[in-house]
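Structure record follows, encoded as structure tokens.
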2 protein chains.
Amino acid sequence: MALPRAARTQRRTRIQEAKEEQILEAALEVFSLHGFRGATVDQIADVAGMSKPNLLYYFRTKEAMHRALITRVLDTWLDPLREFDAGGNPVSEIRSYIRRKLEMARDFPRESRLFANEILQGAPNIEDELKGPLKALVDEKAEVIRAWAKAGKIAKCDPYHLIFSIWSTTQHYADFDVQVRAVLGQDQSGDGRFEDAARFLEQLFLTGLHINEQPT
Amino acid sequence: MALPRAARTQRRTRIQEAKEEQILEAALEVFSLHGFRGATVDQIADVAGMSKPNLLYYFRTKEAMHRALITRVLDTWLDPLREFDAGGNPVSEIRSYIRRKLEMARDFPRESRLFANEILQGAPNIEDELKGPLKALVDEKAEVIRAWAKAGKIAKCDPYHLIFSIWSTTQHYADFDVQVRAVLGQDQSGDGRFEDAARFLEQLFLTGLHINEQPT
DNA sequence: TGATAATTTGACCGGTTGGTAAACATTACA
DNA sequence: TGTAATGTTTACCAACCGGTCAAATTATCA
């Protein structure tokens, strides 16, 4: 008798590993474009190049597939923030954080859109992860930024809103890509726009922070 | 015989006006939460408090409903940018633009999410509007900003990416509301967060722009 | 009032949805 | 090689989808 995925406790076959990867890749493609409810299992199976029952042999429900995907993406998505180093130079830390986030928006736009779709639709499946691990990590890094501000290394500012603004400005280039391209037009919508964006954002955040203006 | 909406050329009944409003209100609620494909006509009819055939009497298809909604929202959504005044003081113009956008994110989050959903899913229905009216408006305002920079009134910067960053940072508080609340926690997730955000963003953009740092 | 037009409803339709059952094929391994 | 576990497919199902239709109800106004 066949044992579906959830029942396995032993090591995974090479086939299992390959197929699950293949499925998650297809699921990422479809979920990131249509959201959870807008995506269909048939479509994912089609993109993955296998029959629907075959797909459902590895992930028993559409929701299980989505959950596996979200969990994985959320984890790698926070890597740049984890690298944020308390001992480093504030200016270079913030600069490289912006750059890393922008590179992820450029290289993994589907992951960004998957996440955006989930949050946009009320994050029904990952609210706990947001209030738990995500909040903990942000709290920790916010404290670092606050300490830098207190020491006069950067301007006084609300560290949470600083992080939000770095998230939003960088992810914008993945999530709102269609709009960005439409506004910039054909000539400027090539890959060069990421360099322009990086230049602008570094100027904005570094100039905006490294001088201690009146904080009110 | 009943004349469905599209065939009407005469003035609209009070009932028509009221019902269409009622439907669009419900459609906004549902579309903004689930996107086009994820929303169902039954659900919209339910929220609107009427039967599905009754709803379809006013909007013959789900797509017609969505189109009417998007067109209306896109129009009002650009109002703050239209008010951007070339003759005004750069600092106060940018400050009040940020404030207006932030107020819209606070007061009309569903409109913001509807728009975000549409863009996120590839903007299949409004690509023309983006490349036409939207691009034209942004081009016009970008020229104003460029002139300000040339005159030394603000720092030299790419005006398009400046506009993108104002859009993204402000709309973030509507589109990613769930995440913002989760990270800030119960104590700070009240309405006061908009005041904090406004303070931070004004500091960021005004400090980041009004000093002519080396633009490279 | 009465007739006509506008509105609302319940029943229904063909297609799609997520998911299942069971037969069939393939692999792993003793 | 044999056989048991794993993997794949065809056929199918009940629920739901967007949308139609004709009959019933309500508003309009001469």
Side-chain angles (χ1 to χ4, degrees), chain A residues 1-24 26-27 29-31 33-70 121 124-125, chain B residues 1-24 26-27 29-31 33-70 121 124-125:
Chain A
M1 198 230 312
L3 280 184
R5 183 169 190 276
R8 261 182 282 114
T9 55
Q10 315 286 358
R11 63 168 178 230
R12 298 154 70 204
T13 317
R14 272 177 208 83
I15 293 181
Q16 283 169 2
E17 211 147 325
K19 291 277 167 160
E20 284 173 14
E21 202 56 42
Q22 194 176 337
I23 290 169
L24 288 182
E29 184 73 27
V30 178
F31 278 133
L33 198 54
H34 300 295
F36 180 74
R37 289 185 50 169
T40 73
V41 177
D42 290 87
Q43 201 178 353
I44 296 171
D46 193 55
V47 172
M50 62 179 75
S51 66
K52 182 168 62 171
N54 195 187
L55 183 152
L56 288 168
Y57 171 74
Y58 293 99
F59 294 90
R60 295 210 293 209
T61 65
K62 183 184 176 184
E63 204 182 317
M65 220 160 44
H66 189 249
R67 210 170 18 236
L69 201 52
I70 282 275
Q121 309 193 355
N125 300 318
Chain B
M1 198 226 315
L3 279 185
R5 184 171 189 276
R8 259 182 283 113
T9 54
Q10 314 287 357
R11 62 167 180 232
R12 297 154 71 203
T13 317
R14 272 175 209 86
I15 292 183
Q16 284 169 0
E17 210 146 326
K19 290 277 167 165
E20 283 173 15
E21 202 55 42
Q22 193 177 338
I23 291 170
L24 288 181
E29 184 74 27
V30 177
F31 279 133
L33 198 54
H34 300 294
F36 181 74
R37 287 184 51 169
T40 73
V41 177
D42 290 86
Q43 201 179 352
I44 296 171
D46 193 54
V47 172
M50 61 181 75
S51 66
K52 182 168 62 170
N54 195 187
L55 183 153
L56 289 168
Y57 170 74
Y58 293 99
F59 292 91
R60 297 213 290 210
T61 66
K62 182 185 175 184
E63 204 183 316
M65 219 159 45
H66 190 247
R67 211 171 15 238
L69 202 52
I70 282 274
Q121 309 194 355
N125 300 317

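Order of the sequence lines sets the chain letters (A, B, ...), proteins ahead of strands, with each chain counted from 1. No hydrogens, no waters, no symmetry mates; every other heavy atom, side chains included, goes into these values.
The interatomic distance linking Glu17(B) (CD) with dT7(C) (P) rounds to 12 Å, in whole Å. Rounded to whole Å, atom P of dG19(D) lies 10 Å from atom CD1 of Ile44(B). The nearest whole Å value for the distance from the CG atom in Asn54(B) to the C1' atom in dT20(D) is 15 Å. The nearest whole Å value for the distance from the OH atom in Tyr57(B) to the P atom in dT7(C) is 4 Å. A straight line from CE of Met50(A) to P of dT8(D) spans 7 Å, rounded to a whole angstrom. The CG atom of Leu55(B) sits 14 Å away from the C1' atom of dT20(D) (whole-angstrom rounding). Between Met65(B) atom CE and dC17(D) atom C1' there is a gap of 13 Å when expressed in whole angstrom units. The separation between Lys52(A) atom NZ and dT20(C) atom C1' is 10 Å, rounded to whole Å.
Of the side-chain N and O atoms in Tyr58(A), none sit less than 4.0 angstrom from OP1 or OP2 of dT6(D). Using a 4.0 Å cut-off, no side-chain N or O of Gln16(B) falls inside it from OP1 or OP2 of dA6(C).
Heavy atoms of Ser51(A) sit under 4.0 angstrom from at least one base atom. Among the heavy atoms of the strands lying under 4.0 Å from Ala39(A) are primed sugar atoms or P, OP1, OP2 only; no base atom is included.
A heavy-atom distance below 4.5 Å is not found between the side chains of His34(B) and Phe36(A).
Annotation for Leu69(B) and Leu24(B): closest pair CD1-O, 3.6 Å, computed over non-hydrogen atoms.
The side chain of Pro53(B) approaches dT20(D) more closely than any other nucleotide in the set dT20(D), dC17(D), dG19(D).
Taking the six-membered ring where the residue is Trp, Phe31(A) and His66(A) present perpendicular rings, their angle passing 60° and hence far from 30°.
A distance-only check finds no donor-acceptor pair linking the side chain of Lys52(B) to the backbone of Asp46(B) [under 3.5 Å].
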